[in-house]
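Have a look at the structure below, then the notes.
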Number of protein chains: 2
Amino acid sequence: MSERRPGEIPEATVARLAVYLRVLTGLVDASTVTVSSEELAAIAGVNSAKLRKDLSYLGSIGTRGVGYDVTLLREKIASSLGLTQRRTCVLVGIGNLGHALAGYSGFSSRGFTFVGYFDADPGRMGEPIADSQISDISELESVVESNGVSIGVIATPAEAAQTVCDRLVDAGVTSILNFAPSVLSVPDNVDVRKVDLAAELQILSFHEHRKSRGLGDGLVESVG
Amino acid sequence: MSERRPGEIPEATVARLAVYLRVLTGLVDASTVTVSSEELAAIAGVNSAKLRKDLSYLGSIGTRGVGYDVTLLREKIASSLGLTQRRTCVLVGIGNLGHALAGYSGFSSRGFTFVGYFDADPGRMGEPIADSQISDISELESVVESNGVSIGVIATPAEAAQTVCDRLVDAGVTSILNFAPSVLSVPDNVDVRKVDLAAELQILSFHEHRKSRGLGDGLVESVG
DNA sequence: AACGGCTTGTGAACGCATGCACAAAGTGAG
DNA sequence: CTCACTTTGTGCATGCGTTCACAAGCCGTT
Ligand SMILES: NC(=O)c1ccc[n+]([C@@H]2O[C@H](COP(=O)([O-])OP(=O)(O)OC[C@H]3O[C@@H](n4cnc5c(N)ncnc54)[C@H](O)[C@@H]3O)[C@@H](O)[C@H]2O)c1
Ligand SMILES: NC(=O)c1ccc[n+]([C@@H]2O[C@H](COP(=O)([O-])OP(=O)(O)OC[C@H]3O[C@@H](n4cnc5c(N)ncnc54)[C@H](O)[C@@H]3O)[C@@H](O)[C@H]2O)c1
């Protein structure tokens, strides 16, 4: 009953696998051959037992008494994350943030190929961007369909996000990364991840607040 | 033992409070007076029981049979997140991403004031940016100390992140938002949140992989 | 003032995630 | 081959987070 089917990796683990992958790539570059769970966990900033449990979902990869083969482990994680094939993406909303994302080389080096950059502003049409150019949003569907794009990145204002999302989904996109501060509704088969930078700062603000509260006195304010 | 001290809000709840706050601000703008947990939860995209439990950590705010006073609830959440005072921040690393962040108006409108933009590139010194200008990284400490800055945002390359982080912490910053793909070590009293965009795409990639696996056959690939 | 209808606040059950602690399993020396 | 040493993989306990379900409480009506 508590058995987890092979291939069923917990969500929290998946998020950390991406971190391990990055660390391992660094180790490969440094020609490191093997690494113990203790070392790897230290670099990745996690508990070593947690790391071993995470890796155990991929099967038995390590060698007791030795550790993990860096190259092999890296490949195994990449394969689990579906990174053996490059994934095609489109970016919608080429403003402030969109330009930064388009100019970032880290996506390509990690296996993501952007095949389209779309904006609604007619004045931006044709503007060169990252070895390509900005296309009109009207071409979204044809590019998505002809390239079999599976991931859409939304960097439009919040008001436009749901509309853009609907168009992406209708065209066949099944994963969305949303930078707009808005909640998207999508069918069950579509995954959405959001990046809410203002919320990140507010969470930090909360902890600042909590810390400064503790300094003055040990009293808890209570009304009523 | 299972009692939670008043003021002790779970981490998962804090993250959602930021979302509720944004939704409520929208409702205030639309002159909405009261809202039920069911309505608010629908807009925020969460389960209504979860929302009520989240709000219950702030005290008893709603009115049974009626719902929540939008303005009051908004203020209560803002206060819990420590947003009654504006928070001062600095941004380090004014490249691709740094420019986008500096040009974003959403931070200021949500209570965050950036009092310094720093870069190590001498060629960028004095370049105008967001009603201010780029300062040399050597001025970091004095600006942080004289403004009582509590939040530092790092948008430098990964190699520089730990060094910048150490300087921020030494200067008195106690919260850090890190965009560089690197794990930062900090003292216990400092909070770090990281935004790893490539990891976000990799998590989506995992789910794409999982989805496409289920389509072909029910077989699990296993290498003996 | 009593009642019916609605919505909050929360007890309780469940499931997921974390971390300890150790048996199992491999290595290498002698 | 045996033994001492190292490190993995995991059973188990604990804690956190989510969801259900409902008693408690408030409002408007009669
Ligand atoms: N810039 C940041 O650092 C930052 C930080 C946090 C959140 N965000 C969020 O990211 C999103 C983008 O921010 P930005 O600063 O780049 O805004 P921006 O206004 O600079 O850019 C938005 C772009 O989207 C385009 N657009 C508008 N409607 C569109 C549509 N229907 N289809 C296609 N394109 C459309 C606009 O023409 C514009 O180019 C916003 O939702 C913002 O809240 C940005
Ligand atoms: N641009 C993106 O969309 C994006 C996406 C994901 C992650 N990131 C990460 O965000 C970070 C910044 O990305 P970017 O695209 O803006 O890179 P960038 O190279 O355009 O900008 C980095 C800036 O940091 C400055 N810098 C370098 N060392 C410094 C130091 N010690 N002190 C102060 N400033 C220093 C550089 O002069 C440069 O201006 C990187 O770590 C990158 O991996 C960026």
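These figures come from a predicted structure and were not determined experimentally. Below, chains carry the letters A, B, ... as their sequence lines are ordered, and counting in each starts from 1.
- A:L51 places its CG atom 14 Å from the P atom of C:dC20, with the value rounded to the nearest Å.
- Phosphate contact (OP1/OP2 of C:dG19, side-chain N/O of A:K50, threshold under 4.0 Å): present.
- For A:A49, the side-chain atoms get nearest to C:dA21 when compared with the rest of C:dT8, C:dA21, D:dG17.
- Phosphate proximity of C:dC20 to A:R52: absent, as no side-chain N or O sits under 4.0 Å from OP1 or OP2.
- Remark: B:T63 is not in phosphate contact with D:dC26, judged by side-chain N or O atoms under 4.0 Å from OP1 or OP2.
- The OH atom of B:Y57 sits 17 Å away from the P atom of C:dT8 (whole-angstrom rounding).
- Counting to the nearest Å, the P atom of D:dC26 and the CG atom of B:D69 are 16 Å from each other.
- Nearest to the side chain of B:S36, among C:dA21, C:dT8, D:dT7, sits C:dT8.
- Heavy atoms of A:I61 sit under 4.0 angstrom from primed sugar atoms or phosphate atoms, though from no base atom.
- Taken to the nearest 0.5 Å, the CD1 atom of B:I61 stands 11.0 Å off from the CD atom of B:E75.
- Using a cut-off of 4.0 Å between Lys/Arg side-chain N and Asp/Glu carboxylate O, A:K211 and B:D191 are scored as salt-bridged.
- Closest contact between the side chain of A:N47 and the listed nucleotides C:dC20, C:dA17, D:dG9 involves C:dC20.
- Side-chain contact annotation: A:Y104 with B:N96, donor-acceptor N/O pair under 3.5 Å absent.
- For A:E11 and D:dT18, the CD to C1' distance is 15 Å, given to the nearest whole Å.
- Among D:dT8, D:dT18, C:dT27, the nucleotide with an atom closest to any side-chain atom of A:S37 is D:dT8.
- The base of D:dT7 lies outside donor-acceptor range of the side chain of A:R64, with no N or O pair under 3.5 Å.
- Of the side-chain N and O atoms in B:Y68, none sit less than 4.0 angstrom from OP1 or OP2 of D:dC26.
- If you take CG of B:L73 and P of C:dT7, they are 16 Å apart, rounded to a whole angstrom.
- Side-chain atoms of A:K53 lie closest to C:dT18 of the nucleotides C:dT8, C:dT18, D:dT8.
- Residue B:D54 contributes atom CG, which lies 12 Å from atom P of C:dG9 at whole-angstrom precision.
- Going from atom CG of A:L184 over to atom CG of A:D166 covers 8.5 Å, rounded to the nearest 0.5 Å.
- Atom CD of A:E39 and atom P of D:dT6 are 13 Å apart (whole Å).
- Between A:R22 and B:D196, at least one side-chain nitrogen of the basic residue sits less than 4.0 Å from a carboxylate oxygen of the acidic one, meeting the salt-bridge criterion.
- In this structure, A:L55 places its CG atom 16 Å from P of D:dT7, rounding to the nearest Å.
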